[in-house]
Amino acid sequence: MGIMNLPLFLLSFVLFSVRQCPTLALKRSYVVYLGGHSHGSQHTSEMDLNRITDSHHDLLGSCLGSKEKAQESIFYSYTHHINGFAANLEDEEAAELSKRPGVVSIFLNQKHKLQTTRSWEFLGLERNGEIPADSIWVKARFGEDIIIGNIDTGVWPESESFNDQGMGPIPSKWKGYCEPNDDVKCNRKLIGARYFNKGVEAELGSPLNSSYQTVRDTSGHGTHTLSTAGGRFVGGANLLGSGYGTAKGGSPSARVASYKSCWPDCNDVDVLAAIDAAIHDGVDILSLSIAFVSRDYFLDSIAIGSLHAVQNGIVVVCAGGNEGPTPGSVKNMAPWIITVAASTIDRDFPSNVTLGNNQQFKGRSFYTNTLPAEKFYPLVYSVDARAANASASDAKVFFFFFHVSTFRYPVAYISGATEVGTVAAPIIPSFSSQGPNPITPEILKPDLTAPGVQIVAAYSQATGPTDLQSDDRRVPFSIISGTSMSCPHVAGTIGLLKKIHPDWSPSALRSAIMTTARTRTNVRQPLVNETLGEANPFSYGAGHLWPSRAMDPGLVYDLTTTDYLNFLCSIGYNATQLSTFVDKGYECPSKPMSLLNLNYPSITVPSLSGKVTVTRTLKNVGTPATYTVRTEVPSGISVKVEPNTLKFEKINEEKTFKVILEAKRDGKGGEYVFGRLIWSDGEHYVRSPIVVNATTL
Ligand SMILES: *[C@@H]1O[C@H](CO)[C@@H](O)[C@H](O)[C@H]1NC(C)=O
Ligand SMILES: *[C@@H]1O[C@H](CO)[C@@H](O)[C@H](O)[C@H]1NC(C)=O
Ligand SMILES: *[C@@H]1O[C@H](CO)[C@@H](O)[C@H](O)[C@H]1NC(C)=O
Ligand SMILES: *[C@@H]1O[C@H](CO)[C@@H](O)[C@H](O)[C@H]1NC(C)=O
Ligand SMILES: *[C@@H]1O[C@H](CO)[C@@H](O)[C@H](O)[C@H]1NC(C)=O
Ligand SMILES: *[C@@H]1O[C@H](CO)[C@@H](O)[C@H](O)[C@H]1NC(C)=O
């Protein structure tokens, strides 16, 4: 059977260990978040950093009674861009601390599971194995010298994907490094490798052994995701003969840096430390194939860390989660993050399985050598079988066969795998998490979809392709599926776009990939899901990534840090909490901004009664042109756009328009309906999904 890495996002609170405290009080790990730093984006000296750490000791000391107690309790001080610390505290101490001025939020550290290379040909970057001269790869010089950071399970540095042959000197802005006493060594391709393990130490309550003091990837996940985003071209990549081709990262000439925070589970305190370090080191893009439980934005280390990253011009791309198709299961839904769903490419590895009782199933196999037909083979129990018992009906039959059947030794026969290059795609698999956004339904999430099913990329040599302990095979490349795999496809593509448009903001880059995404398959049918039901923007956002069109989107919906702060005001944060983000102080708008009017490249009205006006602003990033609007109206809703023509005379010129949505009297109401808004000058098509739930009339 195929290898599927569909991580389970099992959530559990980190349980603390009781330290030698005479009171035997229960201490747990907390993040205490204090916003930004007064030093802003200026370079800081060692003295400044010590002063900040000292201020953290003072703040906690004032609560615990002594600075010494504070020093003992704090195990991370976030000093570069994020201001805050991680500490072991009693719940009462945390509650007391939350009342202190300057404390923006305080939350329990939580632990979470993690979530060929034909995919680039499917994305149009090459044709028949050739890279055409107009390919975005050529135009972007393969992402040359863009720096991509990856927060994951580390890296297998000897993989050919991270070979630095022929690469020039490391960009001078880079401040990162490789851990000094680690056997993971940097080169001109892999320019940073750091680990963050204090959260694990706090959890175990004892010093960590050597297996926790290396960036070396023993699980394979981090090597796979990092090489998908920025790995070099490596010929002859395959898994046991399947998926043969050249392994390629999206930005093969980019530099890469690995920030290991997952062992293999990740937790808030370590991820926050990694993001603070990556901003300081000078990455251009951060790729996080991690999804935490849905929490309010300032109680979530990925949302907090990425806001600081975006403020520093860094694009943050995150996996949307593998908990679909449940509505509202999407993760990483802060509006400053690029949130990625997963979908198939036009390749499959079909195979049949016949159980010992002659029941037959369709499945997938990556093993090309056909087994002799006369014979059944013993079945091995995989770690995922228990999970399979809960998700799919075929898996239930297998499970029953394995555990309950009268066969003493369960056996099966697997037919040879066939590779097909002409399958209809993309299709949204059921595992890909779906909207609506559970925290702010006005912001559509996921933002878009990208290849995340059966992806070939580099792998760790410390584990076999099935992840079973008994599997002693070692493979340089492996095939895995998940939003963990689609996320680095977008990160790699952003590397190319950033090379072409170095001055575009993270939001402008996101707008470019969203408004040019496609909502049809390679056979020009609307996108569907795994059971061939109609897919909608809650599963694919604006549509499927289409890199070559994203190079030249014509117009973009841009957003600044102030827009994001205004958004935070609208959801209840006040200026005191947000003031540390901007050097000159910050005030919430006197009239709160409607969440419908955040200048996002999609429009979502979660509860429309009667009529509502939504505003958006477009910025010209192309040549002077006149754009006219066309709408595909959601069923039962009327859509009017004012004005319906926008004339742009120069580059970076901005024009605002209104979209008036009205529920028709005969409309059904009570359920989400979908449409699109399309601005075009005849050459560019700037598309936005419209998502509306009209309340029952
Ligand atoms: C390190 O500690 C972990 C957890 O306590 C244990 O599973 C692992 O085997 C240890 N590794 C070594 C190299 O001692
Ligand atoms: C699987 O079985 C079907 C018939 O049940 C057959 O058409 C198909 O070729 C088989 N596929 C493989 C890969 O053996
Ligand atoms: C399989 O799942 C069912 C519920 O769907 C549960 O009742 C049953 O106990 C599970 N079997 C095992 C062996 O875990
Ligand atoms: C596929 O789409 C149909 C129609 O929208 C829906 O009813 C079904 O639950 C979806 N299935 C999956 C697995 O997403
Ligand atoms: C801002 O919010 C914090 C935390 O909720 C509260 O303590 C403070 O009084 C508020 N400030 C203002 C000016 O409303
Ligand atoms: C649509 O909005 C109404 C009113 O706010 C709400 O009761 C209903 O649950 C919403 N429908 C969906 C599908 O979310």
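Computed from heavy atoms alone, side chains included, the values below leave out hydrogens, waters and symmetry copies. Each ligand, and each atom within it, is numbered from 1 in the order the structure gives.
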Colleague: Quick one: nearest non-hydrogen protein atom to atom 10 (C) of ligand 6, plus distance?
Modeller: Asn693 ND2, 2.5 Å
Colleague: Near Tyr672, which atoms of ligand 6 are under 4.0 Å from a heavy atom of that residue?
Modeller: 12 (C), 13 (C), 14 (O)
Colleague: What I want to know is whether Glu530 and ligand 4 share at least one N or O pair that is separated by under 3.5 angstrom.
Modeller: no
Colleague: Just one of Thr440, Thr339, Asn437, Thr604 clears the side chain to side chain donor-acceptor pair (under 3.5 Å) bar with Lys445, so which one?
Modeller: Thr339
Colleague: Under 4.0 Å between a Lys/Arg side-chain N and an Asp/Glu carboxylate O for Arg216 and Glu158?
Modeller: yes
Colleague: Give the residue, atom name and distance (to 0.1 Å) of the protein heavy atom nearest atom 5 (O) of ligand 4.
Modeller: Glu534 O, 3.1 Å
Colleague: Just to confirm my output: which protein heavy-atom neighbour is closest to atom 4 (C) of ligand 1, and how far is it?
Modeller: Tyr212 OH, 4.0 Å
Colleague: Evaluate whether atom CG of Asn181 has more than 12 neighbouring non-hydrogen atoms of other residues, nucleotides or ligands under 6.0 angstrom away.
Modeller: no
Colleague: Hey, is Cys178 close enough to Cys186 that the SGs sit under 2.5 Å?
Modeller: yes
Colleague: Ignoring angles and geometry beyond distance, decide whether Glu671 reaches within less than 3.5 Å of ligand 6 through its nitrogen or oxygen atoms.
Modeller: no
Colleague: I'd like to check which ligand 6 atoms, numbered from 1 as shown, lie under 4.0 Å from a non-hydrogen atom of Ser607.
Modeller: 5 (O)
Colleague: Using 4.0 Å as the upper bound for N to carboxylate O, is an ion pair formed by Asp183 and Lys185?
Modeller: no
Colleague: Which atoms of ligand 4 have any heavy atom of Ser430 under 4.0 Å away?
Modeller: 13 (C)
Colleague: Give me the nearest non-hydrogen protein atom to atom 9 (O) of ligand 1 as residue plus atom name, then the distance to 0.1 Å.
Modeller: Asn209 ND2, 4.8 Å
Colleague: Hey, looking at atom 13 (C) of ligand 6, which of Gly328, Gly670, Ala694 has the closest heavy atom?
Modeller: Gly670
Colleague: Can a protein heavy atom be found under 4.0 Å away from atom 7 (O) of ligand 1?
Modeller: no
Colleague: Using 0.5 Å steps for rounding, measure from the NE2 atom of His544 to the OG atom of Ser486.
Modeller: 9.0 Å
Colleague: Does the Asn88 side chain pair with the main chain of Lys27, one donor and one acceptor, at a distance under 3.5 Å?
Modeller: no
Colleague: Closer than 4.0 Å and a protein heavy atom, does any atom meet both conditions relative to atom 2 (O) of ligand 4?
Modeller: yes
Colleague: Taking atom OG of Ser29 and atom CZ of Phe75, what is their separation to the nearest 0.5 Å?
Modeller: 4.0 Å
Colleague: Only heavy atoms of Asn529, strictly under 4.0 Å: list the atoms of ligand 4 that pass.
Modeller: 1 (C), 2 (O), 3 (C), 8 (C), 10 (C), 11 (N), 12 (C), 14 (O)
Colleague: Are the aromatic ring centres of Trp263 and Phe196 under 6.0 angstrom apart?
Modeller: no
